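Since the structure is predicted, the reported quantities are computational estimates derived from the model, not experimental observations. Chain letters run A, B, ... following the sequence lines, proteins first, then strands; residues in each count from 1. Just the heavy atoms: all of them, side chains too, but no hydrogens, waters or symmetry mates, feed the values below.
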2 protein chains.
Amino acid sequence: MTDPSRARLYEELAAESRRYLAAYTLFNQAVADHLGLHPTDVQCLSLLTAEPEPLTVKQIAGMTGLTTGSATRLVDRLERAGYVTRTPDRQDRRRVLVTPVPERVARVTALWDDLGQTWQTVFDDNSEDELKVITRHMRRANDLSRTQIERLRTMPKPG
Amino acid sequence: MTDPSRARLYEELAAESRRYLAAYTLFNQAVADHLGLHPTDVQCLSLLTAEPEPLTVKQIAGMTGLTTGSATRLVDRLERAGYVTRTPDRQDRRRVLVTPVPERVARVTALWDDLGQTWQTVFDDNSEDELKVITRHMRRANDLSRTQIERLRTMPKPG
DNA sequence: AAAAATTACTGCGCGGCGCAGCGAACTCCG
DNA sequence: CGGAGTTCGCTGCGCCGCGCAGTAATTTTT
């Protein structure tokens with residue numbers, strides 16, 4: 001902590017993190033623009049295709065941070081664009097299952113794959129150990145962010 | 001590339017990246033909610049404090065992906081809330097320099113530091129070399145995203 | 001000196017989003 | 001059973017961030 005060279009590394013890392021995450025926001029926006037969708041829609045498709053089973057509107061709302069009302073409209077847009085279909089849940093007739101349409105979503109995943117190939121070149125000069133370091137850091141940050149979000153919600157707000 | 005263990009690492013890294021970045025979106029939203037700001041505003045403050053010198057409205061527009069008109073309004077909001085000040089550029093009188101107000105931004109950085117203390121525990125078990133690996137990766141990804149965004153813009157759009 | 005380019009700002013309309021409220025369906029008890 | 005309370009998805013409403021197009025001021029170019 002009092003180690004100056006380490007402190008400098010922290011500082012540099014903090015600054016780089018901000019640019020890194022800002023860059024991601026721009027990237028996501030560019031992907032959405034390219035597909036004629038909104039960033040939220042892209043994230044929703046990403047979540048839908050990552051899950052093995054269809055999600056309910058409520059689950060989508062939770063994973064995107066939207067209200068159920070906004071999630072309904074999100075699904076409306078995706079359905080109108082042909083990316084997903086609504087299916088009533090037979091177990092619970094209040095629920096609506098949202099299923100991605102494979103041939104339509106393929107256009108999105110194809111783009112991801114295409115971009116992913118280029119991303120690989122970034123990692124190509126890293127050793128396996130280094131890749132593990134990076135992956136581990138992401139996983140930790142991911143876990144921590146969840147608890148931090150919860151903490152933010154319970155913290156007293158300024159103003 | 002044909003190395004199976006390395007391919008697995010890539011796959012894992014890709015999946016983790018998506019969760020990592022999705023988590024960041026939610027985290028950023030939570031921070032913005034907590035401060036009573038918009039995610040874009042928070043990102044802008046993040047960028048401003050990450051840069052050593054004040055930025056122009058045009059530069060802010062570029063870094064956030066907004067048009068100059070929207071960037072003007074973004075600065076309007078931040079100025080009205082007291083987070084930044086506008087200063088005319090003496091070298092080029094068309095330009096307006098946007099400078100963060102330290103004591104006001106302190107409220108934001110205090111939150112970051114508070115959260116960052118916990119984040120530091122994530123880094124504490126990393127060696128200096130490992131920290132450098134992470135930082136370098138971010139820098140590279142940052143650079144690549146720029147070219148990828150350009151590629152997306154020139155790519156033929158589907159539909 | 002005139003023309004072109006750059007920078008920041010402003011009216012206008014679009015649309016995503018939260019909020020509050022609705023009906024339908026499910027769960028829990030007595 | 002059956003009524004109260006809860007959950008789920010949907011809808012009308014208003015807010016406001018954003019892009020677009022145009023403008024004025026300043027700089028750069030010719």
Can you find a side-chain donor-acceptor pair between B/Asp124 and A/Tyr10 that sits under 3.5 Å? yes
Round to a whole Å and report the spacing from NZ of B/Lys58 to P of C/dT6. 8 Å
Would you please confirm or rule out a distance under 4.0 Å between OP1 or OP2 of D/dC10 and any side-chain N or O of A/Arg86? yes
Rounded to whole Å, please give me the gap between CG in B/Asp89 and P in C/dT6. 17 Å
side-chain contact (heavy atoms from CB on, under 4.5 Å) partners for A/Val122, two or more places apart: A/Trp119, B/His137, B/Arg140, B/Leu144
Please state how far atom CG in B/Leu66 lies from atom P in D/dG17, giving the value in whole angstrom units. 11 Å
When the distance from CD1 of A/Ile60 to P of C/dG16 is rounded to whole Å, what number comes out? 16 Å
Does a donor on one side chain sit under 3.5 Å from an acceptor on the other, for B/Thr85 and B/Glu79? no
Whole-Å distance, A/His38 NE2 to C/dC17 P, equals 8 Å
Do A/Thr64 and A/Gln43 have side-chain atoms, one donor and one acceptor, less than 3.5 Å apart? no
Tell me which pairs pass salt bridge (Lys or Arg N to Asp or Glu O under 4.0 Å) where either residue lies in residues 35-62 of chain B, with sequence neighbours left out. A/Arg19-B/Glu51, B/Asp41-B/Arg77
Per B/Thr40 side chain, nearest of listed nucleotides C/dC9, D/dG17, D/dC10: D/dG17
Salt-bridge contact B/Glu12-A/Arg139 (side-chain N to carboxylate O under 4.0 Å): yes
Check DNA chain C against residues 68-80 of chain A and give the residues with a non-hydrogen atom under 4.0 Å, in numerical order. A/Ser70, A/Arg73, A/Arg77
Checking A/Thr67 against A/Ser70: is there a side-chain donor and acceptor pair closer than 3.5 Å? yes
For atom CZ of A/Arg90 and atom P of C/dC26, their distance in whole Å: 13 Å
Atom-pair distance (CZ on B/Arg94; C1' on D/dT28), nearest Å: 8 Å
Taking N and O atoms by type only, does the side chain of B/Arg95 place a donor or acceptor under 3.5 Å from a partner on the base of C/dT7? no
The side chain of A/Arg93 lies closest to which of these nucleotides: C/dT7, C/dA25, D/dT27? C/dA25
Nearest listed nucleotide, side chain of A/Val57, among C/dA8, D/dG19, D/dG9: D/dG9
